[in-house]
Amino acid sequence: MKEILNFIHGEFVRNTSGKTFADRNPVDNTVIGQVYEAGRPEVDAAVAAAKAALKGPWGRLSVVERVGMLDAVAQEINRRFDDFLQAEIADTGKPAHLASHVDIPRGAANFQIFADTIKTMSTESFQMRTPDGKTALSYGVRVPRGVIAVVCPWNLPLLLMTWKVGPALACGNTVVVKPSEETPLTATLLGEVMNKVGVPPGVYNVVHGFGPDSAGAFLTSHPDVNGITFTGETRTGTAIMQAAAVGIRPASLELGGKNAATVFADCDFDLAVDTVTRSCFENAGQVCLGTERVYVERPLFERFVAALKARAEAMTPGRPFDKDTRIGPVVSKEHQSKVLSYYQKARDEGATVVTGGGVPDMPAALKDGCWVQPTIWTGLPETASVVTEEVFGPCCHISPFDTEDEVVAKINHNRYGLATSIYTQDIARANRMAQQIEVGLCWINSWFLRDLRTPFGGSKQSGIGREGGVHSFEFYTELRNVMLKF
Ligand code: NAD
């Protein structure tokens, strides 16, 4: 049985408690490893290592030297591409074509892009006359914030973790990562990469475990943590913010969503169907930016529902490396139950089930896996549970609409504000709506297309702060003002 260890001060370590938990493959629910849960002693050791590393060789590197090291990390991830791919797939069950096009390349790119961006980072400077006739030069310097706690979810484990670790290290911080208990493998593997390319011990640490009363809570409440960056559910974000309040530590929060797609009758129909299919069902719907509400202009409604139904029914479930596989399982039995409970709620609240609504019929070897059917509903009011709450599964509700104002009001009538997408040939209308819909990210005739230099984050209860490009540096550095009189 594979042992999955904590990575502290450049070494793979077990724990003092002897407590382990199972890492399961969601394809068939088999146990693939035993994870050593970090208790307070391990979290204390990881934070102490990270704090000490700030004053060690890492803290003395020039930006150019640090950038060179991050370039090497990116190259080493690419060199060990297959190891990362196997690890990510074992933890998540996602189709290999998806993980090899999205998760692993973006994991490497997250080091590359922030290494590139930091090279051109500047600060402002002002010169003024002082009352006694002398001159003063006031300028900003950016210093690392210190020890950053990185708490991650399971849906895109390597991608979302490196999205934080890349810029944090580029800015000269050190990190303690708490990966999701569901997906411990790639964060652990990254420890080997750090050692291989010579990142000093203590700069990158990994502690495994859960949230409350476990590694997550011990880490985020640790007084020597100087900033917390978190991706996950809005409810957990509330707990993290409360932990951050003690000691007045900054927190960057990327949280849940209930994203809408708007499809106008004048859209490029095939493009809209293709893209909405991806945004609803890719990664088994476990994408924070995914679509769970679709609004279709009334003249196109029936045709669009029929087309999306056909596409959903063509999403063949199966093993990650089978060439016919179009959809994997959801991440765990617990998450499967949650998604299926929403499928039940939709029926109870009177939905028309256009397709899906249950568990697909799988071959005997995969019967214990965490499978759910891609599901489409119509006919529900805007107040229904699956229209208002985040399911985080391969499902959507489709409603007809008649006017632009009506659809904007419906989209905005939700506590979340992460992302939206609009399909139309009328670019003026799309731009008008982009400014009215209360979200952090808006796509027009596309979805999940990202330029990593641009801001990423959510409005309302979908998060606080923006990361990406220079915006990440706002969080991962402290801006200091120096006033020089001469
Ligand atoms: P989650 O909030 O359950 O867990 C995320 C992480 O927080 C895990 O590592 C977990 O162990 C840890 N955690 C839980 N309770 C904690 C506590 N009290 N203190 C410290 N750590 C704690 O989220 P999840 O189920 O892993 O991920 C799915 C959620 O993430 C969805 O809501 C999704 O929308 C959201 N998400 C958002 C984005 C974004 O960019 N906005 C991206 C991906 C996922």
Side-chain angles (χ1 to χ4, degrees), residues 21 26 35 37-38 43 91-92 102-103 106 110 149-164 176-184 186-187 206-222 225 228-246 249 251-259 282-292 330-332 334-339 342 389-393 414-419 439-441 448 450 452 455-468 471-472:
F21 60 93
V35 190
E37 182 178 351
V43 172
D91 268 349
T92 60
V102 178
D103 299 65
R106 262 294 299 277
N110 283 337
V150 182
V151 182
C152 314
W154 43 257
N155 60 323
L156 298 156
L158 181 71
L159 186 160
L160 290 172
M161 184 260 291
T162 52
W163 172 244
K164 312 282 202 178
V176 181
V177 175
K178 211 299 280 169
S180 168
E181 53 275 34
E182 307 289 354
T183 53
T186 45
V206 181
V207 290
H208 292 298
F210 304 85
D213 290 323
S214 183
F218 301 154
L219 177 61
T220 51
S221 61
H222 200 293
V225 163
I228 305 170
T229 180
F230 169 75
T231 306
E233 281 191 20
T234 295
R235 203 176 21 162
T236 315
T238 308
I240 301 261
M241 227 175 144
Q242 282 165 344
V246 179
R249 280 96 44 82
S252 171
L253 305 176
E254 296 184 343
L255 309 176
K258 187 69 188 177
N259 313 308
E282 196 159 274
N283 208 36
Q286 305 164 119
V287 182
C288 54
L289 307 166
T291 304
E292 292 191 355
V330 295
V331 77
S332 64
E334 190 188 343
H335 193 55
Q336 182 194 35
S337 303
K338 177 184 162 190
V339 173
Y342 273 107
E389 296 168 29
E390 182 185 49
V391 180
F392 220 52
N414 192 275
R415 71 186 178 112
Y416 293 112
L418 187 53
V439 287
L441 298 139
F448 209 80
R450 281 281 300 141
L452 303 185
F456 180 96
S459 303
K460 303 201 279 193
Q461 291 187 33
S462 289
I464 293 186
R466 293 291 179 271
E467 297 196 31
H471 309 283
S472 292

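Counting convention: from 1, in listed order, for ligands and their atoms alike.
In terms of polar-atom proximity, Ser462 is not counted as a contact of ligand 1, lacking any N or O under 3.5 Å from an N or O of the ligand. Residue Asn155 has no N or O atom closer than 3.5 Å to an N or O atom of ligand 1. Between Thr234 and ligand 1, no pair of N/O atoms sits closer than 3.5 Å. Every N/O-N/O distance between Thr231 and ligand 1 stays at or above 3.5 Å. Ligand 1 has no N or O atom lying under 3.5 Å from any N or O atom of Leu418, backbone or side chain.
Distance alone, capped at 3.5 Å, places no donor-acceptor pair between the Lys178 side chain and the Val207 backbone. When atom types are taken as modelled, the side chain of Arg106 and the backbone of Leu158 share no donor-acceptor pair closer than 3.5 angstrom. The backbone N or O of Phe21 lies less than 3.5 Å from no partner atom in the side chain of His208, so there is not a single donor-acceptor pair. At least one donor-acceptor pair closer than 3.5 Å links the side chain of Arg249 to the backbone N or O of Thr220. A donor-acceptor pair under 3.5 Å is formed between the side chain of Glu292 and the backbone N or O of Val391. Distance alone, capped at 3.5 Å, is enough to place a donor-acceptor pair between the Arg466 side chain and the Gly458 backbone.
Among all protein heavy atoms, the one lying closest to atom 32 (O) of ligand 1 is Glu390 OE1, 2.6 Å. Atom 14 (C) of ligand 1 has as its closest protein heavy atom Thr236 CG2, 3.3 Å. Looking only at protein heavy atoms, the nearest one to atom 27 (O) of ligand 1 is Pro153 CB, 3.3 Å. When only non-hydrogen protein atoms are considered, atom 36 (N) of ligand 1 lies nearest to Cys288 CB, 3.5 Å. Atom 12 (C) of ligand 1 has Val151 CG1, 3.7 Å as its closest protein atom, hydrogens excluded (heavy atom only). Nearest protein heavy-atom contact of atom 10 (C) of ligand 1 is Glu181 OE1, 3.5 Å. Given atom 24 (P) of ligand 1, the protein heavy atom at minimum distance is Trp154 NE1, 3.4 Å. Here the heavy atom of the protein found nearest to atom 22 (C) of ligand 1 is Gly211 CA, 3.4 Å.
Evaluation of the side chain to side chain donor-acceptor pair (under 3.5 Å) rule for Asp103 yields Lys94 as partners, not counting sequence neighbours.
The heavy-atom pair separating Ser459 from Gly440 by the smallest distance is OG-N, 3.5 Å. A pairwise comparison of heavy atoms in Ala419 and Asn259 identifies N-OD1, 3.0 Å as the closest pair. Between Glu37 and Gly209, the closest heavy-atom pair is CG-CA, 4.0 Å. Of all the heavy atoms in Ala38 and Ser214, the pair that sits closest is O-OG, 4.5 Å. When all heavy atoms of Trp163 and Asn110 are compared, the closest pair comes out as N-ND2, 3.2 Å.
Among Leu160, Leu253, Leu255, Asn155, the one residue that satisfies the side chain to side chain contact (heavy atoms under 4.5 Å, CB included) test with Thr231 is Leu160.
Each of the atoms 40 (O) of ligand 1 lies under 4.0 Å from some heavy atom of Phe456. Heavy-atom proximity to Phe230, at under 4.0 Å, picks out these atoms of ligand 1: 2 (O), 5 (C), 6 (C), 7 (O). Ligand 1 places these atoms under 4.0 Å from at least one heavy atom of Lys178: 8 (C), 9 (O), 10 (C), 11 (O). Each of the atoms 11 (O) of ligand 1 lies under 4.0 Å from some heavy atom of Phe210. Ligand-side atoms of ligand 1 in range of Ile240: 20 (C), 21 (N), range being under 4.0 angstrom from any heavy atom. Close contacts of ligand 1 with Leu160, meaning ligand atoms under 4.0 Å from a residue heavy atom, involve 42 (C), 43 (C).
Residue contacts with ligand 1 include Ala217, since one or more of its heavy atoms lies under 4.0 Å from the ligand. Heavy-atom distances between Ala215 and ligand 1 stay at or above 4.0 Å for every pair. Distances shorter than 4.0 angstrom occur between a heavy atom of Ser180 and an atom of ligand 1.
Judged purely by distance below 3.5 Å, without hydrogens or angles, the side chains of Tyr416 and Glu390 never pair a donor atom with an acceptor atom. Judged by distance alone, the side chains of Thr92 and Gln286 never bring a donor and an acceptor atom under 3.5 Å apart.
For atom 2 (O) of ligand 1, the protein comes within 4.0 Å by at least one heavy atom.
Comparing heavy-atom distances from atom 37 (C) of ligand 1 across Leu255, Leu289, Val287 singles out Leu255 as nearest. Distances from atom 29 (C) of ligand 1 to the heavy atoms of Glu233, Glu182, His208 put Glu233 nearest. Among Gly232, Ser221, Cys152, Gly216, the residue whose heavy atom lies closest to atom 8 (C) of ligand 1 is Cys152.
Contacts of Arg235 with ligand 1, taken as heavy-atom pairs under 4.0 Å, are absent altogether. At a 4.0 Å heavy-atom cut-off, ligand 1 touches Pro179 through the backbone alone.
Counting heavy atoms from C-beta outward, His335 and Glu182 have side chains that stay 4.5 Å or more apart.
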